[in-house]
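Shown next, in structure tokens, is the structure this report addresses.
Because the structure is a prediction, the values reported are computed rather than measured. Chain letters run A, B, ... following the sequence lines, proteins first, then strands; residues in each count from 1.
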Protein chains: 2
Amino acid sequence: MRNFIENLNKAFESRVRLGIMSILMVNETVDFGTLKEQLQITDGNMASHLSALEKLKYIEITKQFIGKKPNTSYAASALGKKAFSDHLDALERLINKTN
Amino acid sequence: MRNFIENLNKAFESRVRLGIMSILMVNETVDFGTLKEQLQITDGNMASHLSALEKLKYIEITKQFIGKKPNTSYAASALGKKAFSDHLDALERLINKTN
DNA sequence: TAAAAGTACTTTGTAATTCAAAGTTAATAT
DNA sequence: ATATTAACTTTGAATTACAAAGTACTTTTA
């Protein structure tokens with residue numbers, strides 16, 4: 001491998017997006033409010049990170065009503081799971097310097 | 001743990017600094033040229049990331065001459081090794097969601 | 001001895017990123 | 001009618017990252 005860091009995915013450099021993806025790797029779907037609460041960031045910031053991940057097709061969005069309240073939930077796409085998993089592999093290789 | 005991402009160290013969010021620290025965790029000392037070559041970035045960029053890590057006292061710098069050529073080498077400090085190791089632990093916990 | 005090259009920067013300027021705060025939309029509840 | 005809630009979008013400021021160019025000092029080469 002020529003370069004140690006080139007396989008790290010830019011999309012997952014941010015603490016927030018790292019957090020979002022970690023949560024979505026373990027939980028099938030998670031709604032906006034829960035994510036916001038877990039990560040403790042403002043809703044605007046939350047929305048913009050989610051939007052960045054959606055643009056990359058790393059997450060999928062489902063809008064519905066639960067009772068009378070709107071509820072938006074997020075799930076990692078197959079592509080997103082792959083990308084995240086690849087990123088973790090790259091991190092691991094980087095740290096262990098096995099390449 | 002209240003928040004999943006708060007234990008991640010901001011200093012290691014950058015791919016480049018992650019790379020520098022990984023290399024310095026495994027190699028006692030590494031010189032400027034080698035780091036630059038491994039990470040494939042410009043020397044100005046390299047210097048500024050090294051300077052950021054030095055300001056945090058995460059790395060120590062030794063300047064010497066090897067033969068007739070100036071040589072600057074870098075080593076992770078005890079503080080830096082601790083900080084990086086804590087960061088990796090936080091990453092692992094985040095990913096495994098064991099907290 | 002003058003010019004070129006090497007090492008390790010520093011400076012400069014631009015572009016990208018991050019974030020909070022405020023504004024928006026559409027619905028429900030009072 | 002007004003307020004509240006959910007989930008945004010927009011705005012603007014601050015920070016960060018980066019390449020490119022410039023610098024200082026030395027050595028090598030012509």
Side-chain angles (χ1 to χ4, degrees), chain A residues 3-24 29-56 58-75 87 94, chain B residues 3-24 29-56 58-75 87 94:
Chain A
N3 165 333
F4 292 107
I5 60 177
E6 72 189 1
N7 294 310
L8 297 175
N9 191 330
K10 271 236 155 204
F12 305 131
E13 252 186 284
S14 134
R15 265 157 42 272
V16 174
R17 287 192 300 274
L18 209 50
I20 293 171
M21 289 305 293
S22 297
I23 292 171
L24 295 184
T29 67
V30 179
D31 65 27
F32 189 91
T34 303
L35 282 174
K36 210 185 75 166
E37 184 196 339
Q38 297 291 313
L39 300 176
Q40 298 195 159
I41 56 177
T42 57
D43 56 354
N45 195 10
M46 183 83 250
S48 76
H49 282 293
L50 288 167
S51 156
L53 290 172
E54 198 207 352
K55 250 169 223 144
L56 295 167
Y58 286 174
I59 61 174
E60 279 152 12
I61 301 188
T62 307
K63 285 166 192 276
Q64 60 178 337
F65 277 79
I66 290 182
K68 301 289 183 69
K69 292 182 179 173
N71 179 279
T72 307
S73 67
Y74 302 87
H87 177 74
L94 173 71
Chain B
N3 164 333
F4 292 107
I5 60 178
E6 73 190 359
N7 294 311
L8 297 175
N9 191 330
K10 272 235 156 205
F12 305 130
E13 253 185 284
S14 132
R15 265 158 43 272
V16 174
R17 287 193 300 275
L18 210 50
I20 293 171
M21 289 305 293
S22 297
I23 292 171
L24 294 183
T29 67
V30 180
D31 65 27
F32 190 90
T34 303
L35 283 174
K36 212 186 73 167
E37 184 197 339
Q38 296 292 312
L39 301 174
Q40 297 195 160
I41 57 178
T42 57
D43 54 355
N45 195 11
M46 184 83 251
S48 78
H49 282 294
L50 288 168
S51 157
L53 291 171
E54 197 206 354
K55 250 170 221 143
L56 294 168
Y58 287 173
I59 61 173
E60 281 152 11
I61 301 188
T62 306
K63 283 166 192 277
Q64 59 178 338
F65 275 79
I66 290 181
K68 301 290 183 68
K69 292 181 180 176
N71 180 280
T72 307
S73 67
Y74 302 87
H87 177 75
L94 172 72

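- Ranking C/dT7, C/dA20, D/dA7 by closeness to the A/N71 side chain, first place goes to D/dA7.
- Distance from the side chain of A/K68 is smallest for C/dT28 among the nucleotides C/dA8, D/dA7, C/dT28.
- Remark: the backbone N or O of A/A11 is paired with a side-chain donor or acceptor of A/R17 at under 3.5 angstrom.
- Counting only heavy atoms from C-beta on, B/V16 has its side chain closest to D/dC18 among D/dC18, C/dC19, C/dT10.
- Within the 3.5 Å criterion, the main-chain N or O of A/N9 finds a donor-acceptor partner in the side chain of A/H87.
- The backbone N or O of B/R15 lies less than 3.5 Å from a partner atom in the side chain of A/E13, making a donor-acceptor pair.
- In the set C/dC19, D/dC18, D/dT26, C/dC19 carries the atom at the smallest distance from any side-chain atom of B/K10.
- When the nearest nucleotides of DNA chain C are assigned to B/L50 and A/G44 by heavy-atom distance, the more 5′-ward of the two goes with B/L50.
- For the side-chain contact (heavy atoms from CB on, under 4.5 Å) test with A/I23, the passing option among A/T34, A/L18, A/V30 is A/V30; the others fail.
- The side chain of A/T72 lies closest to D/dC8 when the candidates are C/dC19, C/dC9, D/dC8.
- Of the candidates D/dT5, C/dC19, C/dA27, D/dT5 carries the atom nearest the A/K69 side chain, counting heavy atoms from C-beta on.
- In this structure, the nucleotide among D/dC18, D/dA7, C/dA20 sitting nearest to the side chain of A/T42 is C/dA20.
- Results of the side-chain contact (heavy atoms from CB on, under 4.5 Å) test with A/Y74 over A/L24, A/I20, A/D31 single out A/L24 as the only residue that passes.
- When distances run from any side-chain atom of B/A47 to the nucleotides D/dA7, C/dA8, C/dT10, the shortest one goes to C/dT10.
- For B/R15, the listed nucleotide lying nearest its side chain is D/dC18; candidates were C/dC19, D/dC18, C/dA27.
- Out of D/dC8, D/dA17, C/dT18, the shortest distance to the side chain of A/S14 is found at C/dT18.
- Residue-level contact check: B/S51 touches neither bases nor backbone, having no heavy atom under 4.0 Å from any strand.
- Contact check, B/Y74 against C/dA8: no side-chain N or O comes under 4.0 Å of OP1 or OP2.
- OP1 or OP2 of C/dT17 has not a single side-chain nitrogen or oxygen of A/H49 nearer than 4.0 Å.
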